[in-house]
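Here is the structure we will look at.
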Amino acid sequence: MKKKKRKLTPAKILVYICLILLAVTIIVPVIWVFVASVKQNSEFYGNPWTLPETIYFQNFIDAWQKANMGSYMLNSVIVTALAIAMLIVISLPAAYVLSRFKFRTGKFWNVLFMAGLFINVSYIVVPIFLMLNNWDIKLRQLTGDPFFLNNLFILALVYTATALPFTIYLLAGYFKTLARDYEEAAYVDGAGYFVTMVKIMFPMAKPSIITIILFNFLSFWNEYIIAMTLMTDEKFKTLPVGLMNLMAAQKSAVEYGQMYAGLVLVMLPTLILYICVQKTLTQGMTLGGLKG
């Protein structure tokens with residue numbers, strides 16, 4: 001039998017046009033930044049849409065060495081890896097227990113994490129800074145050395161705490177969609193709660209886990225306000241903070257190539273990660289990972 005051809009209605013055409021325009025507004029600036037990153041400084045004074053005469057990789061070398069972007073990227077890698085590792089270790093068991101077991105304080109914890117979804121991190125940056133600064137003052141009196149500010153582990157811990165509500169909400173919604181037959185079969189075979197959780201349920205939640213890793217990676221990698229507030233020492237600054245410093249410095253130095261090369265260094269890891277996990281990310285979202 002011949003398949004019926006789908007008719008293009010005016011509504012569908014309008015939707016396609018809107019999607020194409022949205023894609024263009026996103027893709028064109030990204031391509032322009034990549035092209036600008038390999039231009040020589042003199043080429044920026046003509047038509048901004050012209051292609052470079054030669055590919056000038058020196059911009060990346062200068063941004064990496066002279067602008068100290070290599071050190072900033074290492075700090076971002078350390079903070080992001082620590083934050084995601086701690087987030088997975090804490091949020092997976094918490095989401096599993098809250099979604100699969102009934103206990104006396106379960107509703108309280110659910111309401112508490114739900115309330116955390118409505119807290120804008122930007123509003124609590126100053127209280128977090130004052131709290132850590134006060135702890136450092138007391139610690140200096142006891143030991144003579146600060147600990148809580150200019151500490152990559154503490155920054156990762158703050159990232160983890162701020163991301164817990166959304167992550168637990170998303171993972172709990174996914175665990176609720178899984179049938180209880182798998183757990184019951186594991187219990188019959190003699191597996192305990194912990195073994196069932198780690199060996200049975202966590203592997204089944206792989207699409208949702210990859211989804212939250214990607215979302216939180218993008219959040220942690222591009223975060224600016226908390227890192228700028230808590231990392232006052234130059235050697236502990238992360239990539240977004242270092243990039244903003246580079247952009248501010250280049251306004252007077254007029255080295256546009258280095259500035260756009262720095263932008264590419266920030267964007268490239270996120271683009272590569274998204275390309276690698278795109279299929280699994282889509283699967284995690286469609287299988288119930290975003291359901292409440």
Side-chain angles (χ1 to χ4, degrees), residues 63-95 105 108-169 212-213 215-252 262 265-266 269:
W64 188 268
Q65 296 178 350
K66 296 181 182 179
N68 206 24
M69 297 297 287
S71 176
Y72 298 147
M73 179 172 282
L74 178 61
N75 291 338
S76 287
V77 169
I78 293 173
V79 170
T80 303
L82 282 173
I84 289 178
M86 289 189 290
L87 188 64
I88 293 298
V89 170
I90 297 171
S91 62
L92 270 174
T105 59
F108 167 77
W109 291 109
N110 272 307
V111 171
L112 188 65
F113 285 118
M114 286 290 291
L117 293 172
F118 300 95
I119 299 176
N120 192 322
V121 179
S122 302
Y123 299 154
I124 60 174
V125 171
V126 174
I128 291 174
F129 172 78
L130 294 176
M131 178 182 67
L132 296 179
N133 187 49
N134 289 336
W135 290 353
D136 263 349
I137 292 173
K138 293 180 181 179
L139 197 61
R140 283 194 193 96
Q141 295 174 352
L142 296 174
T143 63
D145 296 318
F147 176 78
F148 295 100
L149 295 178
N150 296 313
N151 187 321
L152 296 178
F153 175 77
I154 297 298
L155 179 61
L157 192 62
V158 172
Y159 283 171
T160 301
T162 55
L164 272 177
F166 172 75
T167 304
I168 290 177
Y169 170 76
I212 62 108
I213 287 175
F215 282 172
N216 286 298
F217 175 86
L218 294 175
S219 177
F220 299 156
W221 186 263
N222 297 314
E223 201 284 322
Y224 174 74
I225 296 176
I226 299 177
M228 180 188 67
T229 306
L230 302 186
M231 302 289 108
T232 57
D233 194 328
E234 185 70 22
K235 64 181 180 180
F236 294 111
K237 292 185 183 297
T238 56
L239 198 54
V241 180
L243 178 62
M244 291 301 296
N245 292 346
L246 175 62
M247 293 175 67
Q250 296 308 327
K251 287 180 180 179
S252 57
L265 291 175
V266 175

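A quick note: this is a predicted structure, and the numbers were derived from the prediction, not measured.
- Listed for the Thr160 side chain is a donor-acceptor partner under 3.5 Å among the backbone atoms of Ala83.
- The main-chain N or O of Met231 is found under 3.5 Å from a side-chain atom of Lys237 such that the two form a donor-acceptor pair.
- Residue Val79 is tested with Leu155, Ile84, Val158, Leu239 for a side chain to side chain contact (heavy atoms under 4.5 Å, CB included); the sole match is Leu155.
- Put simply, the side chain of Asn150 gets close to the backbone of Asp233: a donor and an acceptor are under 3.5 Å apart.
- Side chain of Thr162 to backbone of Tyr159: a donor-acceptor contact under 3.5 angstrom is found.
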Inset, instruction - Could you give me the CA-CA distance, side-chain angles and deciding distance for Val241 and Tyr72, then say whether side chain to side chain contact (heavy atoms under 4.5 Å, CB included) is met? - result: CA-CA 8 Å; Val241 180; Tyr72 298 147; over 6 Å; no
Inset, instruction - Starting from the C-alpha separation in whole Å, work towards a yes-or-no answer on side chain to side chain contact (heavy atoms under 4.5 Å, CB included) for Trp109 and Leu112. - result: CA-CA 5 Å; Trp109 291 109; Leu112 188 65; 3.6 Å; yes
Legend entry - Evaluation steps, side chain to side chain contact (heavy atoms under 4.5 Å, CB included), between Arg140 and Ile137: CA-CA 5 Å; Arg140 283 194 193 96; Ile137 292 173; 4.1 Å; yes
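- The OG1 atom of Thr238 lies 12.0 Å from the CG atom of Leu74; values are rounded to the nearest 0.5 Å.
- Note that the CG atom of Leu164 and the CD1 atom of Ile90 stand 5.5 Å from one another [nearest 0.5 Å].
- Asn133 places no side-chain N or O within donor-acceptor distance of the main-chain N or O of Leu149, the cut-off being under 3.5 Å.
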Legend entry - Ile213/Ile88 under side chain to side chain contact (heavy atoms under 4.5 Å, CB included): CA gap, chis, key distance, verdict: CA-CA 8 Å; Ile213 287 175; Ile88 293 298; 3.9 Å; yes
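- Each of Phe153, Trp135, Phe129 was checked for a ring pair (Phe, Tyr, Trp, His ring centres under 6.0 Å) with Phe148, and the lone residue meeting it is Trp135.
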